[in-house]
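On a predicted model such as this, the values are computed, not experimentally measured, just so you know.
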Amino acid sequence: QVQLVESGGGLVQAGGSLRLSCAASGRTFSSYNLGWFRQPPGKKREFVAAIGWSGRSTDYADSVKGRFTISRDNAKNTMYLQMNSLKPQDTAVYYCAGQRGDYYSNYEYEYDSWGQGTQVTVSS
């Protein structure tokens with residue numbers, strides 16, 4: 001398994017932007033499909049975005065399409081989530097996750113490596 005560590009969370013006003021990073025250890029990072037999930041206060045964890053091992057394929061939850069962009073730099077063993085036009089409903093703990101399947105997944109049960117999470121709070 002790859003070890004994942006998120007960073008970049010914080011407090012931002014509605015309409016603002018944040019960029020989350022997910023740094024990975026290990027030499028197999030480039031073979032992992034990766035995803036971002038989030039858990040709003042009092043709610044279940046939900047899918048946000050996913051990216052294939054090459055970076056060419058991506059997918060987004062409808063709630064973030066057009067506002068969030070997922071990307072990765074395999075040379076730096078890092079994945080990113082650029083979040084623009086943030087809304088109070090984006091407030092959550094954000095987790096990065098990895099898996100070595102044939103394709104990326106929108107389902108958290110298919111991921112076997114998880115970071116510890118980073119808090120994002122959007123004020124109105």
Atom of Ala92, atom of Gln119 and distance for their closest heavy-atom approach: O-NE2, 3.4 Å
With a 4.5 Å limit on heavy-atom distance, are the side chains of Tyr60 and Thr69 in contact? yes
d(Ser25 OG, Asn77 CG) to nearest 0.5 Å is 8.0 Å
Using only atom types and a distance under 3.5 Å, with no angle test, would you say the side chain of Asn33 pairs donor to acceptor with the backbone of Tyr103? yes
Taking the six-membered ring of Phe29 as reference, does the NZ or CZ atom of Arg72 fall below 6.0 Å from its centre and within a 45° cone about the axis? yes
What I'd like to find out is whether the side chain of Glu6 reaches to under 4.5 Å of the side chain of Ser21, using heavy atoms alone. no
Closest approach of Ala14 and Ser124, non-hydrogen atoms and distance? CB-CA, 4.3 Å
Heavy-atom closest contact (Tyr107 atom, Tyr111 atom, distance): O-CD1, 3.3 Å
Min side-chain heavy-atom separation Met83-Tyr94 under 4.5 Å: yes
Atom pair CD (Gln13) and OG (Ser123), whose distance is rounded to the nearest 0.5 Å: 5.0 Å
Over 12 foreign heavy atoms within 6.0 Å of CD, Gln116: yes
Tell me whether the rings of Phe47 and Phe37 are parallel (<30°), tilted (30 to 60°) or perpendicular (>60°). perpendicular
I'd like to know whether Arg45 forms a side-chain contact (heavy atoms from CB on, under 4.5 Å) with Glu108, so could you lay out the CA-CA distance, the side-chain angles of the two residues, the decisive distance to 0.1 Å, and finally the verdict. CA-CA 8 Å; Arg45 191 155 57 184; Glu108 63 175 290; 3.0 Å; yes
Carefully, step by step, assess Ser30 and Trp53 under the rule side-chain contact (heavy atoms from CB on, under 4.5 Å). CA-CA 6 Å; Ser30 60; Trp53 62 269; 5.7 Å; no
Of Thr118, Leu18, Val64, Leu20, the one forming a side chain to side chain contact (heavy atoms under 4.5 Å, CB included) with Leu81 is Leu20
Within-4.5 Å side-chain heavy-atom neighbours: Ile70 and Met79: yes
What distance separates Cys22 SG from Leu4 CG, expressed to the nearest 0.5 Å? 4.5 Å
Ser63 side chain to Ala61 backbone, donor-acceptor under 3.5 Å: no
Tell me whether Arg100 is salt-bridged to Asp112, with the criterion being a basic N under 4.0 Å from an acidic carboxylate O. no
Verdict with reasoning, Cys96 to Trp114, per side-chain contact (heavy atoms from CB on, under 4.5 Å): CA-CA 6 Å; Cys96 64; Trp114 289 85; over 6 Å; no
Looking at Gly52, is its backbone amide N or carbonyl O close enough to the side chain of Tyr32 to form a donor-acceptor pair, meaning the two atoms are under 3.5 Å apart? no
Examine distances only and state if a side-chain atom of Thr91 and a backbone atom of Thr121 form a donor-acceptor pair shorter than 3.5 Å. no
Using 4.0 Å as the upper bound for N to carboxylate O, is an ion pair formed by Lys65 and Asp62? yes
Distance to the ring centre below 6.0 angstrom and angle to the axis at most 45 degrees; does that hold for Arg38 and Tyr95? no
Minimum heavy-atom separation for Ala50 to Asn106, with atom names? CB-OD1, 4.4 Å
If hydrophobic clusters are built by linking Ile, Leu, Val, Met, Phe, Trp and Tyr wherever their side-chain heavy atoms come under 4.5 Å apart, do Val48 and Tyr104 end up in the same one? no
Please test Ser105 against Glu110 for side-chain hydrogen bond (donor to acceptor under 3.5 Å, both in side chains), starting from the C-alpha separation and ending with a verdict. CA-CA 7 Å; Ser105 172; Glu110 294 189 341; 2.5 Å; yes
With a 4.5 Å cut-off on side-chain heavy-atom distances among I, L, V, M, F, W and Y, is there a chain of contacts connecting Val12 to Trp36? yes
Would you sort out whether Asn84 and Ser17 count as a side-chain hydrogen bond (donor to acceptor under 3.5 Å, both in side chains), showing the intermediate values? CA-CA 4 Å; Asn84 298 330; Ser17 298; 2.9 Å; yes
Given the rule in the side-chain contact (heavy atoms from CB on, under 4.5 Å) test, do Asp90 and Val120 qualify, once you have shown the distances and angles that lead to the verdict? CA-CA 8 Å; Asp90 294 318; Val120 171; 5.5 Å; no
